[in-house]
Amino acid sequence: MTDKNAFEQKQEAKIEQMNAEIERLKAKAKEADAESRIKYQEKVDELEALREVAKTKLDKLKQSSESAWTDISKGLDEATTSLATAIKNASQEFKS
């Protein structure tokens with residue numbers, strides 16, 4: 001397995017794990033009162049937008065050549081880190 005493939009799989013797993021966290025927040029939103037539900041939805045929308053950025057960068061990485069992937073990997077790593085941080089913050093904000 002090449003470094004590119006290993007990195008790609010690691011980032012794909014991170015995104016899938018974060019998808020599960022987003023789904024967990026969506027489930028909590030359904031159980032919340034109306035005012036909280038609005039706040040949850042705003043956060044979920046923000047998280048989904050960040051997830052789409054990460055997915056787009058992952059797709060670019062998958063399409064890149066072995067020699068060009070390192071440049072793309074930096075942007076993908078930043079995107080998944082931003083998404084992870086946003087999810088952590090949202091989870092803390094809505095901790096019950």
Side-chain angles (χ1 to χ4, degrees):
M1 181 180 294
T2 66
D3 288 343
K4 178 187 176 211
N5 288 341
F7 182 79
E8 183 181 307
Q9 289 179 353
K10 181 180 176 183
Q11 295 300 317
E12 202 162 22
K14 279 184 180 180
I15 291 170
E16 285 303 313
Q17 181 181 4
M18 290 183 266
N19 276 336
E21 289 296 317
I22 292 170
E23 291 303 316
R24 186 182 62 77
L25 287 172
K26 284 181 179 179
K28 278 187 147 186
K30 288 180 182 177
E31 298 172 1
D33 60 60
E35 185 176 323
S36 294
R37 196 172 310 134
I38 292 169
K39 290 178 184 177
Y40 267 106
Q41 191 57 52
E42 289 172 354
K43 270 300 179 199
V44 166
D45 290 346
E46 178 185 322
L47 296 174
E48 287 177 332
L50 289 170
R51 179 187 59 197
E52 288 309 309
V53 169
K55 282 181 161 182
T56 299
K57 290 182 186 275
L58 178 62
D59 289 342
K60 285 182 182 178
L61 178 76
K62 288 179 178 182
Q63 296 170 7
S64 70
S65 66
E66 279 293 320
S67 60
W69 78 272
T70 53
D71 292 334
I72 297 168
S73 68
K74 292 173 188 157
L76 174 57
D77 198 38
E78 289 172 6
T80 55
T81 299
S82 292
L83 178 56
T85 300
I87 288 172
K88 181 180 176 184
N89 291 342
S91 293
Q92 290 294 319
E93 184 177 335
F94 295 114
K95 199 169 201 157
S96 52

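Any value given below was found using the heavy atoms of this structure, including those in side chains, with hydrogens, waters and symmetry copies removed. The first residue in the sequence is number 1, and the count goes up from there.
Distance CE/Met18 to CD1/Ile87: 6.0 Å, rounded to 0.5 Å. Going from atom CG of Leu50 over to atom CD1 of Ile22 covers 8.0 Å, rounded to the nearest 0.5 Å. For the atom pair CG (Leu58) and CD (Gln63), the distance works out to 10.0 Å, reported to the nearest 0.5 Å. Remark: Thr80 OG1 to Gln17 CD distance equals 11.0 Å, nearest 0.5 Å. Rounded to the nearest 0.5 angstrom, Leu61 CG and Lys4 NZ are separated by 5.5 Å. Atom CD in Glu78 sits 9.5 Å away from atom OG in Ser73 (nearest 0.5 Å).
Crowding of Lys14 atom NZ: a count of heavy atoms from other residues, nucleotides or ligands under 6.0 Å exceeding 12. More than 12 heavy-atom neighbours from other residues, nucleotides or ligands sit within 6.0 angstrom of NZ on Lys62. Taking a 6.0 Å sphere around CD of Glu93, one finds it holds more than 12 heavy atoms contributed by other residues, nucleotides or ligands.
Residue pairs that meet the ring pair (Phe, Tyr, Trp, His ring centres under 6.0 Å) test with at least one member in residues 50-93, sequence neighbours left out, are Phe7-Trp69.
Residues Ile15 and Val53 fall into different hydrophobic clusters, defined by Ile, Leu, Val, Met, Phe, Trp and Tyr side chains chained together at heavy-atom separations under 4.5 Å.
Within the 3.5 Å criterion, the main-chain N or O of Leu25 finds no donor-acceptor partner in the side chain of Lys43.
No hydrogens or angles considered: nothing links the side chains of Asn5 and Gln9 as a donor-acceptor pair under 3.5 Å.
Heavy-atom minimum distance, Ala86 versus Glu46: CB-OE2, 4.5 Å. Nearest heavy-atom pair across Ala79 and Ala54 is CB-CA, 3.9 Å. Closest of all the heavy-atom pairs between Arg24 and Ser91 is NH2-OG, 3.0 Å.
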*asked:* Applying side chain to side chain donor-acceptor pair (under 3.5 Å) to Asn19 and Glu23, what does each step give before you reach the verdict?
replied: CA-CA 6 Å; Asn19 276 336; Glu23 291 303 316; over 6 Å; no
*Check the pair Lys74, Thr70 against side-chain contact (heavy atoms from CB on, under 4.5 Å), reporting the backbone distance first and the verdict last.*
CA-CA 7 Å; Lys74 292 173 188 157; Thr70 53; 5.6 Å; no
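A salt bridge is absent between Lys28 and Glu31; no separation between the charged side-chain nitrogens and carboxylate oxygens falls under 4.0 Å. The existence of a salt bridge linking Glu21 and Arg51 is excluded, since no basic side-chain nitrogen approaches an acidic carboxylate oxygen closer than 4.0 Å.
Looking only at side-chain heavy atoms (C-beta outward), Lys30 and Lys26 stay at 4.5 Å or farther from each other.
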